[in-house]
Amino acid sequence: MSSQIDPTDETWWREAVVYQVYPRSFADGSADGVGDLPGLMARLPYLRELGVDAIWISPWYRSPMADGGYDVADYRDIDPLFGTLRDATTLLDGAHGLGLRVIIDIVPNHCSDRHPWFQAALAAQPGSAERARFHFRPGLGSDGSQPPNDWSSAFGGPAWTRVPTGDGSPGEWYLHLFSAEQPDLNWDHPEVRAEFESILRFWLDRGVDGFRIDVANLLIKDPALPSQAALDADAPSPYADRPEVHEIYRTWRRIADSYQSARIFVGELWVSQESLKRYLRPDELHTAFNFAYLQAPWEAERLRAVINETLATHNSVGAPATWVLGNHDVTRVVTRFGRAESSYAPDGVRVHNAPVDLELGTRRARAAALLYLALPGCAYIYQGEELGLWEVEDIPLELRQDPTLVQSGGADLGRDGCRVPLPWEADEPGFGFGPRGAAAPWLPQPAEWKARAADAQAGDPESVLELYREALRTRKAETSLHVNGLLWIESDAQTIAFTRGTDFACVVNFGSAPIPLPAHESILLSSAPTAHGLLEPDTAAWLRLG
Ligand code: TEU
């Protein structure tokens, strides 16, 4: 299939709408109950029809799947669960043939404990060249039985695991900011840097259009690996957002820029907006996820403030903003906005099983979609968001696979609830996630998702799916939505209203009473019916201005 990608287009990424595919849960082609590349390939026309410009595929690499593939054992091969390297090439060609660019995940902070490098490190002695590629240290205490410092894993528990020496006696400890199956690589080591430059080229040579960089701010650690308790409260983090990390991305940017047709980076950066702009300088990453926006509650004042700060931060370095409502790590937006506390993980704790009004959450998620898709910059859609799927919160403990559940001692049920396999055909087993006769999807789908299946919504003008399709079509067609920046329309504290270009406005009613729409020539699209020139609560409208 010939490519529909314009190789001369150097700016596609500045306004792109990118669809995140979590491959395990997108579509199952092999009938084993787990998503794979043939399944994704078969659904590319659906993504083309949705109207996105690119897809981001979460890790597809060979992996023991201790953390859903974010524990990579071979960065240059596809896990058999998903298919083969040939399937990946076929997928890239198929996507390009439909005019879809492909961004893949890269996981540089850590590899799998089954990666050959880590296996070699386990077999080697303390102080060896093999162990220097990781962070091995002797333990504290007279017998070395205490971890080298007080760092914790993001999933809970200590960030260190002790390994036996050759004679089986307890030996050194190694660092893992996530699970013990994900040893942190030592990015001060030249071989680590060279290996990832080679991995980038391996995939760029095969035609990928970019990389989503996993935990992009964690690669560099203070070589002393100091305990947090030993540091002043206002001291910089010993392992996050350290200034030396930027040299890595300046090198990576030079590599990407050496290829035809802009090949881009999007950084997963849970950092302050002040830090974010350092990663977005013209010689570093093209874009980064805007988690401040994702975390914000469904409140006009808070969202307006985040939008203003985002635009100011990104304009200061000439980078486009990146708007996002969800991903494979966070509670789905329909559920978040259906709760009394609508922000994500307030004080850093993911909330489970809080009372939720799914009808309210769906109404707000529809309005939120029209809000973020009207903002200047690029946007990411997490798979199933376009179907109005909600967080599945009643998955039996024994079926959950997120290591967070065990590592947090059950304090955090984990992220499986936003990773439930998608519903494609309402009347098929597994809602058509796999072919007839396939094994059941790897996580149970709620029966109520029947009404949210893609084929149940396609063609229904009132559906979430058709709202997204029409919004993306309009977003592409409206010249005013390709003009940078926005101008706020004076409004009350419960309303967000702004214009783009010369003849477009977006209005969102966060209040509890209908509000009059500003003067307009026509209503291009609204997230819920409007009448008599009024915008109902929790509703957004796109207006053509006269
Ligand atoms: O996520 C990093 C990250 O910050 C989140 O995992 C967060 O710490 C977690 O959800 C607790 O709120 C990236 C990937 O997106 C995630 O899926 C991986 O588990 C993680 O890195 C390790 O690779």
Side-chain angles (χ1 to χ4, degrees), residues 18 20-26 56-61 63-73 75 79 103-115 118 151-157 159 175-185 187 196 211-219 237 239-241 245 265-272 275-276 279 288-292 294-295 322 324-332 336 343-352 380 382-383 391 400-419 443:
V18 185
Q20 181 192 355
V21 171
Y22 188 70
R24 299 160 60 86
S25 304
F26 184 75
W56 151 35
I57 305 174
S58 281
W60 59 8
Y61 309 104
S63 165
M65 300 294 167
D67 181 23
Y70 281 92
D71 50 313
V72 181
Y75 289 88
D79 193 87
I103 295 168
I104 63 174
D105 224 306
I106 186 103
V107 188
N109 179 69
H110 47 270
C111 62
S112 163
D113 61 345
R114 306 280 182 78
H115 188 286
F118 191 71
W151 298 2
S152 298
S153 159
F155 297 154
L175 175 68
H176 51 81
L177 292 179
F178 293 93
S179 72
E181 293 82 0
Q182 295 167 290
D184 278 51
L185 288 156
W187 272 87
F196 277 85
F211 299 89
R212 175 267 190 184
I213 306 170
D214 191 60
V215 294
N217 60 314
L218 300 186
L219 275 55
S237 166
Y239 60 79
D241 204 17
V245 76
F265 295 110
V266 54
E268 185 202 22
L269 289 160
W270 290 85
V271 299
S272 68
S275 291
L276 195 63
Y279 293 84
F289 292 115
N290 184 351
F291 291 125
L294 182 151
Q295 289 179 286
T322 296
V324 63
L325 291 175
N327 61 38
H328 63 291
D329 289 329
V330 305
T331 310
R332 282 190 176 274
R336 294 204 315 269
S343 62
Y344 171 65
D347 55 70
V349 178
R350 202 191 336 266
V351 174
H352 295 278
Y380 277 70
Y382 174 52
Q383 68 178 43
E391 188 83 0
R400 290 174 179 268
Q401 296 192 15
D402 182 352
T404 306
L405 171 62
V406 171
Q407 271 194 236
S408 69
D412 182 345
L413 292 175
R415 301 161 290 176
D416 297 282
C418 65
R419 301 173 177 180
L443 283 174

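In listed order, ligands and their atoms are each counted from 1.
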Quiz item: From His115 NE2 over to Leu185 CG, what is the distance, rounded to the nearest 0.5 angstrom?
Solution: 7.5 Å

Which atoms of ligand 1 have any heavy atom of [X] under 4.0 Å away?
{"X": "Arg212", "answer": "14 (C), 15 (O)"}
{"X": "His328", "answer": "14 (C), 15 (O), 16 (C), 17 (O)"}
{"X": "Phe155", "answer": "19 (O)"}
{"X": "Arg415", "answer": "6 (O), 10 (O), 16 (C), 17 (O), 18 (C), 19 (O)"}
{"X": "Arg419", "answer": "17 (O)"}
{"X": "Gln182", "answer": "22 (C), 23 (O)"}
{"X": "Trp270", "answer": "4 (O)"}
{"X": "His110", "answer": "22 (C), 23 (O)"}

Practice problem: With sequence neighbours excluded, tell me which residues meet side-chain contact (heavy atoms from CB on, under 4.5 Å) with Val18. | Solution: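 Partners of Val18 by the side-chain contact (heavy atoms from CB on, under 4.5 Å) criterion, ordered by chain and then number, come out as Ala16, Ala54, Trp56, Ile103, Tyr380.
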
For [atom], what's the nearest protein heavy-atom neighbour? Residue, atom name and distance, please.
{"atom": "atom 5 (C) of ligand 1", "result": "Asp329 OD2, 3.9 Å"}
{"atom": "atom 18 (C) of ligand 1", "result": "Asp67 OD2, 3.3 Å"}
{"atom": "atom 11 (C) of ligand 1", "result": "Arg350 NH2, 3.6 Å"}
{"atom": "atom 3 (C) of ligand 1", "result": "Glu268 OE2, 3.7 Å"}

Quiz item: Between Phe196 and Tyr75, does the ring centroid distance fall short of 6.0 Å?
Solution: yes

Self-check item: Result of checking Asp329, Thr331, Asn327 against Arg415 for side-chain hydrogen bond (donor to acceptor under 3.5 Å, both in side chains)
Solution: Asp329

Practice problem: Take atom 7 (C) of ligand 1 and look for protein heavy atoms under 4.0 Å from it; say yes if you find one, no if not. | Solution: no

Exercise. Pick whichever of Asn327, Asp214, Asp71, Asn109 has a heavy atom sitting closest to atom 21 (O) of ligand 1.
Key: Asp214

Quiz item: Taking the six-membered ring for Trp, are His328 and Tyr70 parallel (under 30°), tilted (30 to 60°) or perpendicular (over 60°)?
Solution: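 Because their plane-to-plane angle is under 30°, the rings of His328 and Tyr70 count as parallel.
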
Quiz item: Below 4.5 Å, heavy atoms only, C-beta onward: do Ser63 and Ser112 meet side chain to side chain?
Solution: no

Self-check item: Side-chain touch Ile57/Phe26, heavy atoms, less than 4.5 angstrom
Solution: no

Practice problem: Using side chain to side chain donor-acceptor pair (under 3.5 Å) as the criterion, list what pairs up with Ser275, not counting sequence neighbours. | Solution: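 Only Asp241, Ser272, Arg278 meet the side chain to side chain donor-acceptor pair (under 3.5 Å) criterion with Ser275.
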
Quiz item: With distance as the sole test, does Glu391 use its side chain to make a donor-acceptor pair with the main-chain N or O of Arg332 at under 3.5 Å?
Solution: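 Yes; at least one donor-acceptor contact below 3.5 Å.
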
Exercise. Report the C-alpha separation of Phe118 and His176 in whole Å, then their side-chain angles, then the decisive distance to 0.1 Å, and conclude whether the ring-ring contact (aromatic ring centres under 6.0 Å, His included) test is met.
Key: CA-CA 12 Å; Phe118 191 71; His176 51 81; 9.5 Å; no

Quiz item: Is the closest heavy-atom distance from His176 to ligand 1 below 4.0 Å?
Solution: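 Not so, His176 does not reach ligand 1.
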
